[in-house]
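Because only heavy atoms are used, hydrogens play no part in the values below, and waters and symmetry mates are left out as well, while side chains stay in. Numbers here are sequence positions counted from 1.
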Amino acid sequence: MSDALEDDFTWVIRKALRGRGMAPAEAAKAAGLPETDVLAFTRGTFSEPVARGLAKALGLGADALAGLPDYRPGSHGTAAIRRLDLPFGSERVNAWVVRKGHEILLFDTGDDSRSCRAALAEIGILRPGAIFVTHAHPDHIAGLPAFAEMGISARGPGTKSAISPGETISHGPFTLETRDLSGHATPSLGYLISGLAKPVLVTGDALFAGSMGGCGSPKLYDHALARLAAVLAPLPDETIILPGHGPSTTLGEERRANPFLTGN
């Protein structure tokens with residue numbers, strides 16, 4: 001299992017450029033930087049002055065982008081939360097297990113029909129009590145048939161049991177409140193979980209440690225940022241964030257270190 005961030009600084013800049021509908025040349029002009037420096041940055045040559053200039057031009061947090069190469073969130077693994085680090089082509093995708101006593105909730109199911117179920121068996125879980133899906137991209141729902149074979153149906157986008165934002169779901173010792181985190185995918189749900197020592201927010205691809213899911217147009221990008229701002233604003237810093245890719249984090253860490261959350 002890798003604790004590396006899902007996105008390095010090059011991916012953050014590419015996502016921001018696409019979100020703002022700007023070519024590198026336009027961003028260079030807006031930042032007062034040579035286009036060659038900006039192109040080199042997007043290809044992996046890190047420079048703090050370039051990072052700060054691009055952050056200002058793209059509405060990102062300058063300190064956060066400048067510090068991104070060294071950013072790693074703290075460890076948030078607990079007996080109640082387990083990350084299933086699953087194959088996704090040459091990359092990785094998460095499913096999350098949240099448990100208390102005998103109650104086991106599974107969030108997302110991976111990119112193929114068997115790896116999630118096998119990963120659960122490796123940690124001694126043969127049957128989750130309930131499955132919830134954040135969004136319907138294949139790398140998050142392809143494992144559903146393996147659980148359907150067991151007679152376990154899932155809820156959320158891409159399933160036969162839709163859930164709307166703003167619903168409250170009671171499940172054993174847990175209360176789940178659904179939140180609209182559309183933008184990268186529409187519909188997309190966040191699940192705010194109470195019942196553990198700290199609040200937990202399962203974000204899918206709406207928010208990663210140090211980054212966010214890419215958006216297909218400036219309109220969707222603006223919508224995604226607006227939904228994140230609305231959903232995150234009332235939550236305390238101690239909220240544990242469980243993203244669709246990359247390591248877990250806390251909202252407090254992201255408020256300090258995520259360029260998309262600290263921008264102007």
Using modelled atom types only, decide if a donor and an acceptor are shared between the side chain of [X] and the backbone of [Y] within a distance under 3.5 Å.
X      : Y      : result
Asp37  : Ala40  : no
Ser211 : Phe208 : no
Thr262 : Asn258 : yes
Glu253 : Gly74  : yes
Lys56  : Ala62  : no
Ser182 : Ala185 : no
Glu238 : Lys198 : no

*Under the side-chain contact (heavy atoms from CB on, under 4.5 Å) rule, what do Ser164 and Leu189 come out as? Steps first, then yes or no, please.*
CA-CA 8 Å; Ser164 299; Leu189 292 178; over 6 Å; no

_Glu167 versus Thr178, side-chain donor and acceptor atoms under 3.5 Å_ =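 No pair is found: no donor N or O on one side chain lies under 3.5 Å from an acceptor on the other.
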
I'd like to check [X] versus [Y] (side-chain heavy atoms, cut-off strictly below 4.5 Å). Are they in contact?
X      : Y      : answer
Ile81  : Val200 : yes
Pro259 : Phe9   : no
Leu196 : Ile240 : no
Arg99  : Phe174 : no
Arg72  : Thr249 : no
Pro187 : Pro157 : yes
Thr10  : Thr42  : no
Val97  : Ile104 : yes

*Is there a path from Leu33 to Met22 through hydrophobic residues (I, L, V, M, F, W, Y) whose side chains come within less than 4.5 Å of each other?*
yes

*Are Ile163 and Leu105 joined in one hydrophobic group, where the rule is that I, L, V, M, F, W and Y side chains link up if heavy atoms are under 4.5 Å apart?*
yes

Run the salt-bridge test on [X] and [Y] with the 4.0 Å N-O cut-off and return the result as yes or no.
X      : Y      : answer
Glu149 : Arg117 : yes
Glu177 : Arg179 : yes
Arg114 : Asp112 : no
Arg255 : Asp237 : yes

Could you tell me the separation between the [atom1] atom of [X] and the [atom2] atom of [Y], rounded to the nearest 0.5 Å?
X      : Y      : atom1 : atom2 : result
Leu68  : Leu5   : CG    : CG    : 6.0 Å
Leu84  : Arg92  : CG    : CZ    : 11.0 Å
Leu192 : Leu235 : CG    : CG    : 5.5 Å
Asp85  : Ser115 : CG    : OG    : 10.0 Å
Phe260 : Leu225 : CZ    : CG    : 7.5 Å
Thr250 : Leu201 : OG1   : CG    : 12.0 Å

Please name the pair of heavy atoms, one in [X] and one in [Y], separated by the smallest distance, quoted to 0.1 Å.
X      : Y      : answer
Gly172 : Glu103 : CA-OE1, 4.1 Å
Gly246 : Asn94  : O-ND2, 2.7 Å
Pro199 : Pro236 : CG-CG, 4.0 Å
Val93  : Asp111 : CG1-N, 4.2 Å
Leu65  : Ala51  : CD2-O, 3.3 Å
Leu207 : Thr203 : O-OG1, 2.9 Å

*Report the C-alpha distance between Arg20 and Asp222 in whole Å, list the side-chain angles of each, state the deciding distance to 0.1 Å, and finish with yes or no for salt bridge (charged side-chain N to carboxylate O under 4.0 Å, His left out).*
CA-CA 8 Å; Arg20 296 298 181 197; Asp222 288 343; 3.5 Å; yes

_Derivation of the side-chain contact (heavy atoms from CB on, under 4.5 Å) call for Leu106 and Phe147_ = CA-CA 11 Å; Leu106 175 66; Phe147 295 101; 3.7 Å; yes

*asked:* Quick one, Tyr191 with Leu242, criterion side-chain contact (heavy atoms from CB on, under 4.5 Å). Give me CA distance, side-chain angles, the key distance, then yes/no.
replied: CA-CA 10 Å; Tyr191 295 92; Leu242 305 182; over 6 Å; no

Side-chain atoms of residues 132-146: list all donor-acceptor pairs with protein atoms under 3.5 Å, sequence neighbours left out, distances to 0.1 Å.
residue	atom	partner	partner atom	Å
Thr134	OG1	Asp108	OD1	3.3
Thr134	OG1	Asp108	OD2	2.8
His135	NE2	Asp205	OD2	3.3
His137	ND1	His184	NE2	3.4
Asp139	OD2	His245	NE2	3.2
His140	ND1	Asp108	OD2	3.0
His140	NE2	Asp205	OD1	3.3
His140	NE2	Asp205	OD2	3.2

Sequence neighbours left out, what passes side-chain hydrogen bond (donor to acceptor under 3.5 Å, both in side chains) with [X]? Give chain and number order.
X     : value
Glu48 : Arg52
Arg14 : none
Glu26 : none

*Could you please spell out the steps behind the salt bridge (charged side-chain N to carboxylate O under 4.0 Å, His left out) verdict for Lys15 and Asp7?*
CA-CA 10 Å; Lys15 288 179 177 180; Asp7 290 340; 2.5 Å; yes

*Step by step, would you call Leu176 with Phe107 a side-chain contact (heavy atoms from CB on, under 4.5 Å)?*
CA-CA 12 Å; Leu176 281 62; Phe107 295 87; 3.9 Å; yes

_Please determine whether the number of non-hydrogen atoms from other residues, nucleotides or ligands lying under 6.0 Å from atom CZ of Arg227 exceeds 12._
yes

*Among pairs that include at least one residue of residues 210-232, which meet ring pair (Phe, Tyr, Trp, His ring centres under 6.0 Å), considering only residues two or more places apart or in two chains?*
none

Would you be so kind as to tabulate the donor-acceptor pairs closer than 3.5 Å made by side chains of residues 118-126, with sequence neighbours excluded?
none

